[in-house]
**Student:** 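Below is a structure I'd like to ask you about.
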Amino acid sequence: MKYIDAVDYKLELGRLESSSFGQLLERYSSSQKIIIVDENTHENCLPFLITTFDELSKAEVIFLPAGEENKSIEIAFHVWEALTEYQISRSDLIINLGGGLITDMGGFIASCYKRGLDFIHLPTSLLGMVDASIGGKTGVNLGHFKNQIGVFSNPIAVFIDPVFLSTLPENELYSGFAEMLKHGFITSDNLLVRIIEQMKNKEEFSIDLLFDCIQVKNEVVKNDPFEKGERKILNFGHTIGHVIEGYFMDSLQISHGHSVAIGMVMESFLSMKVGKLNRDKYAEIEELLTSIYPLPKLTDVGIQKMTAMLINDKKNKEGKILCCLLNEIGDCTYDNAIEEKIFLETFMHFKNLQINMN
Ligand SMILES: NC(=O)c1ccc[n+]([C@@H]2O[C@H](COP(=O)([O-])OP(=O)(O)OC[C@H]3O[C@@H](n4cnc5c(N)ncnc54)[C@H](O)[C@@H]3O)[C@@H](O)[C@H]2O)c1
């Protein structure tokens with residue numbers, strides 16, 4: 001078992017049965033417990049949880065439709081109604097069992113209901129384990145705008161058990177790898193190389209690598225929990241990535257990680273275009289990422305719409321689109337103000353690349 005100190009809670013990495021999850025449940029023995037799942041974690045993860053922890057057999061299970069388009073205030077509203085129907089009080093406990101959608105939404109739902117009740121994250125996707133369950137960001141989308149409504153709110157604990165990865169579909173595994181690659185791009189060439197090696201050997205997951213990736217996120221968040229400065233480097237690939245994810249939400253449904261990977265290629269291109277990243281390094285990054293994460297076909301209308309969406313990015317300040325840029329692998333800067341026309345030119349460049357998704 002590996003233990004990590006987060007902002008004001010504990011993260012544990014290892015088998016759930018050997019963790020302090022059971023003891024924590026004992027502390028809530030007289031409370032009602034609610035487990036929030038989606039249809040896939042209901043089928044693949046909930047049986048293990050309930051058979052391993054007998055006391056959860058009486059828990060209420062709320063299940064949400066899977067899919068980013070359901071990360072909405074309307075669905076959250078239904079859950080608040082259900083919690084009211086079950087007469088859930090502030091002393092009860094919510095357990096979020098799922099990927100980033102469930103931990104983001106479940107955390108948001110718990111934080112707003114009766115001004116906040118305790119919640120635990122049990123991430124079941126790779127992306128959830130290395131990223132979404134850590135750092136206290138919770139929320140829902142507003143139409144096509146990602147995570148537009150939300151609050152910073154920490155769980156009482158996060159338990160990361162890689163056992164859940166055995167049922168995760170391959171494309172979702174790659175979605176998680178994208179956020180891990182981001183951790184490499186922004187902090188260390190050596191970490192990046194280890195992640196690329198891990199991607200070649202998906203059957204055997206290195207706990208040490210998971211631990212190191214979790215630590216990257218956790219350390220950055222601990223230094224800047226409310227994203228006033230340093231934490232912004234975690235947004236590398238996300239300014240464009242969120243727009244890609246939002247724009248294609250109703251059509252190609254590109255996963256969060258895949259969208260971030262596309263965002264990282266494009267933001268690396270931007271880094272080269274403004275004279276920060278050298279041309280050879282950019283070519284390496286483009287080759288690495290586009291060989292794993294294909295680019296969607298871009299149209300002129302799509303490019304106009306995506307550029308307009310960038311204007312609404314929540315990281316913007318004083319009307320400027322702010323973006324992370326790479327100087328080098330392991331050296332990322334944030335709050336770079338980029339003109340709208342440079343984004344337009346970047347999208348046009350990738351439209352012309354014609355590496356299209358099948
Ligand atoms: N809060 C943060 O700091 C943060 C950081 C990164 C991403 N996010 C958010 O996280 C979300 C993406 O997370 P995600 O990729 O985990 O998406 P997700 O929760 O939608 O999960 C992806 C798919 O995998 C399925 N799944 C999850 N675990 C499974 C398992 N063990 N077995 C079988 N199927 C399983 C889900 O049902 C879903 O269909 C996005 O909404 C993104 O905005 C949040």
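Counting convention: from 1, in listed order, for ligands and their atoms alike. For reference, positions follow the sequence shown, starting with 1.
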**Student:** Against ligand 1, does P169 come closer than 4.0 Å with any heavy atom?
**Tutor:** yes
**Student:** Quick one: look at K71 and ligand 1, take heavy-atom pairs under 4.0 Å, and tell me if it's side chain, backbone, both or neither.
**Tutor:** side chain
**Student:** Using heavy atoms and a 4.0 Å limit, tell me yes or no: is C45 in contact with ligand 1?
**Tutor:** yes
**Student:** Taking only residues two or more places apart in sequence, or in another chain, which ones meet K232 in a salt bridge (charged side-chain N to carboxylate O under 4.0 Å, His left out)?
**Tutor:** D335
**Student:** With a heavy-atom distance limit of 4.0 Å, tell me whether N44 approaches ligand 1 through its side chain, its backbone, both, or neither.
**Tutor:** side chain
**Student:** Examine the proximity of ligand 1 to N147 and report which part, side chain or backbone, both or neither, has a heavy atom under 4.0 Å away.
**Tutor:** side chain
**Student:** Just jot down the ligand 1 atoms closer than 4.0 angstrom to any heavy atom of K217, in number order.
**Tutor:** 3 (O)
**Student:** Which of the atoms of ligand 1 are close to T167, meaning less than 4.0 Å from one of its heavy atoms?
**Tutor:** 30 (C), 31 (N), 32 (N), 33 (C)
**Student:** Is the Y174 to F177 ring centre distance short of 6.0 Å?
**Tutor:** yes
**Student:** Pick one: which of Y113, F77, F119, W80 meets ring-ring contact (aromatic ring centres under 6.0 Å, His included) with F108?
**Tutor:** W80
**Student:** Would you please test R194 and D212 for salt bridge (charged side-chain N to carboxylate O under 4.0 Å, His left out) and show each step?
**Tutor:** CA-CA 10 Å; R194 287 171 59 209; D212 290 345; 2.9 Å; yes
**Student:** Which ligand 1 atoms, with their elements, are less than 4.0 angstrom from a heavy-atom of H256?
**Tutor:** 6 (C), 7 (C), 12 (C), 42 (C), 43 (O)
**Student:** Show me which atoms of ligand 1 lie under 4.0 Å from any heavy atom of K137.
**Tutor:** 1 (N), 3 (O)
**Student:** Return the closest protein heavy atom for atom 21 (O) of ligand 1 as residue, atom name and distance.
**Tutor:** G99 CA, 4.3 Å
**Student:** Pick one of side chain, backbone, both or neither for how P123 approaches ligand 1, counting any non-hydrogen atom pair under 4.0 Å.
**Tutor:** neither
**Student:** Near L168, which atoms of ligand 1 are under 4.0 Å from a heavy atom of that residue?
**Tutor:** 24 (O), 26 (N), 27 (C), 28 (N), 29 (C), 30 (C), 32 (N), 33 (C), 35 (C)
**Student:** Are more than 12 heavy atoms, taken from residues, nucleotides or ligands other than E55, located less than 6.0 Å from that residue's CD atom?
**Tutor:** yes
**Student:** Looking only at protein heavy atoms, which one is nearest to atom 17 (O) of ligand 1, and how far off is it?
**Tutor:** G100 N, 4.0 Å
**Student:** May I ask you to decide whether K320 forms a salt bridge with E339, counting only side-chain N to carboxylate O separations under 4.0 Å?
**Tutor:** no
**Student:** Please identify which atoms of ligand 1 are closer than 4.0 Å to at least one heavy atom of K146.
**Tutor:** 40 (C), 41 (O), 42 (C), 43 (O)
**Student:** Measuring from the heavy atoms of H242, does anything fall under 4.0 Å of ligand 1?
**Tutor:** no
**Student:** Looking only at the side chains, is there a donor atom on one of H242 and Q148 sitting less than 3.5 Å from an acceptor on the other?
**Tutor:** no
**Student:** Should K33 and D92 count as an ion pair when the cut-off is N to O under 4.0 Å?
**Tutor:** no
**Student:** For K281, which residues count as a side-chain hydrogen bond (donor to acceptor under 3.5 Å, both in side chains) partner, sequence neighbours excluded?
**Tutor:** E284
**Student:** Please classify the L127 to ligand 1 contact at 4.0 Å (heavy-atom distances, strictly less than): side chain, backbone, both or neither.
**Tutor:** side chain
**Student:** Between L270, D331, T333, I285, which is the residue that forms a side-chain contact (heavy atoms from CB on, under 4.5 Å) with L326?
**Tutor:** I285
